[in-house]
Every structure is written in C-alpha cells, then in structure tokens.
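To keep things clear, I will list the structure first and then write my remarks on it.
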Number of protein chains: 2
Amino acid sequence: MGRLSFREQVLRVREDAIVHSVNRLLAEKGFDSMTVDEVAADVGIAKASLYKHFASKEALAAAAMVRVLQLALATIEAQAANSEASALQRLQAVTRWALEVQMAGEMPSLPSQNSTLRAALIAHKPYLDLVMQVSEPLGAWIVQAQADKSLNAALPAEVILYTLFARACDPVLGILKASGQYSPQQIIDWVMACCFDGLAARV
Amino acid sequence: MGRLSFREQVLRVREDAIVHSVNRLLAEKGFDSMTVDEVAADVGIAKASLYKHFASKEALAAAAMVRVLQLALATIEAQAANSEASALQRLQAVTRWALEVQMAGEMPSLPSQNSTLRAALIAHKPYLDLVMQVSEPLGAWIVQAQADKSLNAALPAEVILYTLFARACDPVLGILKASGQYSPQQIIDWVMACCFDGLAARV
DNA sequence: GTCTATAGCCAGATAGAC
DNA sequence: GTCTATCTGGCTATAGAC
C-alpha cells in the first residue's frame with residue numbers, strides 16, 4: 001500500500017480513536033444501551049462529526065467488530081507460525097487470547113437478536129470477509145485435532161467452532177470478575193477448563 | 001391458599017396470558033428490542049390495559065423471569081424426588097430441561113448490561129427469592145457431585161453454578177437451530193456434551 | 001378494567017454556518 | 001471536518017372517557 005498523505009493519516013488516527021471508544025463502550029454496555037452521544041463524548045468530538053466518519057450506529061458497531069476480528073486474525077497467524085504447537089494447543093491459545101480480551105473489557109458484545117444490526121453486519125463485506133478468514137484456519141485446526149484424537153470427534157466441527165465463538169463472549173467471565181474474589185488469570189483458567197475439559201470429572 | 005373469586009380468577013388468567021406473551025417475545029427479540037406495543041398486540045389488549053396489570057416494562061420482564069424460575073424450581077423438585085438419580089444426573093436433567101425450554105423459544109434472555117433492568121430485578125423480591133431457591137439445591141448437588149468425583153472438584157462450586165446458568169441461555173443453540181440442519185434433540189445432545197464432557201477428547 | 005388519544009422523552013440522524 | 005442547534009420517529013407511560 002502507498003504512503004498516506006498527512007491529512008489521511010490524521011483521519012486514520014481519529015477514526016482509530018473512535019473505533020477504540022466504540023469497542024470499549026460496546027463491551028461495557030452492549031449495543032442497545034450504548035448511545036451515539038456517549039461515543040461522541042468519549043472521543044471528545046461532536047456527534048455530527050462522528051457521522052462524517054461513520055454513516056450510522058450500526059456502522060460504528062461493524063467497525064468495532066472488524067477491529068477485533070483483525071486482532072483475532074493476527075493472533076491466529078501468530079499461532080500458525082508457531083510450528084511447535086499442536087492443533088489443540090493453537091485453538092486453546094486463540095481461545096485464551098479471546099478470554100483475555102474480554103477480561104480487559106475490550107470484547108464488543110452484540111445482541112444476536114437485534115435484526116437491524118444483523119442486517120447491517122451481513123451487508124458489511126469487510127466484516128463478513130474477516131469472519132471467513134478467522135473461521136477457516138480455526139475450522140482446519142478443529143478437523144486436525146479431531147483426527148489426532150485430541151478433540152472430541154463425535155461433535156461436528158461446526159458445533160465446536162460456534163462454541164468457541166460463543167465462549168469468547170461468555171458471560172461467566174463478567175460475573176466472576178464482578179464478584180471481585182478471583183484474579184483475572186484464575187478466572188480465565190477456570191473458564192478454559194469448563195470449555196475444553198467440561199464440568200464432569202476426568203478419570 | 002383460599003379460593004379465588006371469579007373476578008380474581010379472570011384477572012389471573014389474563015395476567016398469565018400477558019406473562020406468556022412477554023416470555024415468548026423476550027426469548028425471540030430480547031428485552032431492548034421488545035416493545036410494550038408488541039406485547040399488547042400479541043396479547044390482544046390495549047397498551048393502557050397492560051399498564052393496569054404491570055407498572056413498567058421492567059416489571060413485565062421480571063414477571064417473565066419469575067415464571068421461568070418457577071418452572072425451573074418445579075423441575076428441580078421433581079429431580080429431588082427421584083431417589084434413583086445421582087447428583088450429577090440431577091444436574092444434567094435440569095440443564096437439559098433448560099436447553100429444551102430455550103430450544104422451544106421460551107427462555108427469556110435479558111441483557112446483563114442494561115442497568116435499569118438490573119436495578120428493577122434486584123429490587124423485585126419474588127425474583128431474588130426464586131433465584132435463591134433455585135441456586136440452593138443446585139449448589140448442594142454440585143458439592144455432592146464433586147465429593148463423589150463425578151464433577152470436576154478443581155472448580156469452585158460457584159463457577160459451575162454460574163456456568164450452568166449461562167448455558168441455559170447459550171447462543172450456540174440458536175445458531176444451530178437457525179441453520180436448520182439438525183434436529184432439536186441432536187442439538188441439545190451436542191450442547192450437553194460440550195458443557196459436561198468438554199471439547200477435548202475423553203480418553 | 002378496557003379503550004382511544006396523547007403527553008413526554010430520548011436517541012439517531014441532519015442542516016447549515018464556519 | 002468541526003461545531004451548535006434542530007428535526008424526526010419511536011417508545012414508555014398516562015389522561016380521561018366509558
């Protein structure tokens with residue numbers, strides 16, 4: 001990609017700041033409770049200026065999702081480059097990364113039930129492309145881990161993939177974090193254990 | 001409890017119809033996307049009449065939660081009466097019941113992030129009491145199952161309890177159901193396996 | 001208690017000057 | 001592109017007749 005002009009760099013930095021605020025507010029309050037006024041106040045610009053950068057509240061949410069998916073993709077690529085790790089270890093590393101992001105209050109949570117938001121997301125090509133790019137290597141590792149008998153082969157790969165996505169937003173983390181009794185690391189270890197080892201005892 | 005007058009019975013039936021509609025709409029659209037107009041239309045009465053029965057939208061949601069918690073309590077009591085079952089089997093039976101309710105589109109899902117709703121719920125004594133009444137026997141069974149080594153004893157009972165509550169609203173069910181590829185029974189079996197056996201293969 | 005009609009408010013989006 | 005000020009629609013909640 002070519003060099004950006006000064007004006008374009010300024011634009012880029014401002015939009016990054018906006019997306020970062022949206023990300024945090026989505027993680028904290030959720031899409032429905034987050035207001036565009038709050039986003040503007042958090043960034044420190046006028047609401048009308050926000051709308052010069054993003055066409056709608058849904059577009060803001062989509063940008064936040066794109067950002068976190070890009071980070072996920074980077075994590076996945078780092079795991080792919082680690083030739084030491086098994087498929088299961090790679091899946092666990094990516095899952096742990098997602099839990100750490102959520103624990104840090106930076107995992108945007110979108111209501112799967114809001115239909116206008118869903119429509120906006122599936123119409124947003126960068127988002128869809130990234131979902132594909134993320135799902136592909138994860139799906140391959142799942143199949144591989146089932147083949148080497150480290151993942152439950154009785155489950156369709158699809159079910160495992162969806163479960164991993166769902167655990168990235170697992171509300172249990174927020175509840176345990178809010179209780180204030182345990183360290184973030186401890187909480188993540190327990191949620192990882194619930195996910196991969198299950199609640200039932202292992203013999 | 002004494003007999004109800006005819007008027008009181010009519011009132012009761014109408015309120016049951018309201019709560020049932022709220023329950024379904026909460027499961028389908030979530031609290032924020034559900035409107036009081038929709039509830040009124042679904043019940044077939046005027047919105048103003050709704051407000052004669054329930055003081056606010058939050059009160060409607062609380063009533064729906066109370067209803068589902070009462071059903072959960074009945075399921076728990078049925079399991080407690082079943083002297084054949086082990087603690088783990090009882091927990092699994094209750095979890096399966098919750099998944100079946102969700103699969104039937106009747107598990108109300110409330111956003112944990114909406115603060116006004118949270119405030120209304122914790123101020124609603126019948127709701128809080130039922131949460132306690134449900135948590136108590138479940139907690140006891142968890143401790144018992146950890147003692148007899150059928151549940152993972154390395155996890156705090158609290159973590160397991162919260163995880164079971166979270167799985168009752170697991171979005172994975174909705175995604176798999178929406179794909180239309182699998183039978184409800186099949187989906188529930190898979191989600192149960194993910195929850196209790198974990199994603200990793202058992203040796 | 002039920003209805004119709006409406007108040008009141010809030011949040012998403014825009015107009016138009018600079 | 002940024003701002004202030006405003007529009008607009010939708011939603012919760014209520015007034016008031018019957």
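Residue numbers start from 1 in every chain, and the chains themselves are labelled A, B, ... in the order their sequence lines are given, proteins ahead of strands. Both backbone and side-chain heavy atoms feed into the values below; hydrogens, waters and symmetry mates do not.
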Please tabulate, for side-chain N and O atoms in residues 186-199 of chain B, each donor-acceptor pair with protein atoms closer than 3.5 Å (sequence neighbours left out).
unit_1 : atom_1 : unit_2 : atom_2 : d
B/D189 : OD1    : B/R96  : NH1    : 2.9
B/D189 : OD1    : B/R96  : NH2    : 3.1

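Residue B/M34 contributes atom CE, which lies 10 Å from atom P of D/dA13 at whole-angstrom precision. As rounded to whole Å, 9 Å separates atom P of D/dC11 from atom NZ of B/K29. Taking atom CG on B/L60 and atom C1' on D/dC11, their separation rounds to 14 Å, with Å as the unit. Residue B/E38 contributes atom CD, which lies 12 Å from atom C1' of D/dG10 at whole-angstrom precision. C/dG12 atom P lies 4 Å from atom NZ of A/K57, rounded to whole Å. Atom CG in A/D37 sits roughly 11 Å away from atom P in C/dA13 (whole-Å rounding). Taking atom CZ on B/F54 and atom P on D/dA13, their separation rounds to 14 Å, with Å as the unit. Whole-Å rounding puts the A/N114 CG to D/dG10 P distance at 15 Å.
Here the CD-CG distance, from A/Q185 to A/L99, works out to 10.0 Å after rounding to the nearest 0.5 Å. Here B/L138 contributes atom CG and B/L91 contributes atom CG; the two are 6.5 Å apart, rounded to the nearest 0.5 Å.
Contact annotation: B/Y51 does not reach the phosphate of D/dT14 (side-chain N/O to OP1 or OP2, under 4.0 Å).
Screening residues 165-181 of chain A for side chain to side chain donor-acceptor pair (under 3.5 Å), with sequence neighbours left out, gives A/R167-B/D170, A/D170-B/R167, A/Q181-B/E158.
The closest side-chain donor-acceptor pair between A/T116 and A/N114 falls under 3.5 angstrom. With no hydrogens or angles considered, no side-chain donor-acceptor pair links B/Q144 and B/S86 at under 3.5 Å.
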Collect all protein-nucleotide pairs involving nucleotides 1-4 of chain D in which both atoms are nitrogen or oxygen and the distance is under 3.5 Å.
unit_1 : atom_1 : unit_2 : atom_2 : d
D/dT2  : OP1    : A/R14  : NH1    : 2.5
D/dT2  : OP2    : A/H53  : NE2    : 2.9
D/dC3  : OP2    : A/A46  : N      : 2.6
D/dC3  : OP2    : A/S49  : OG     : 2.8

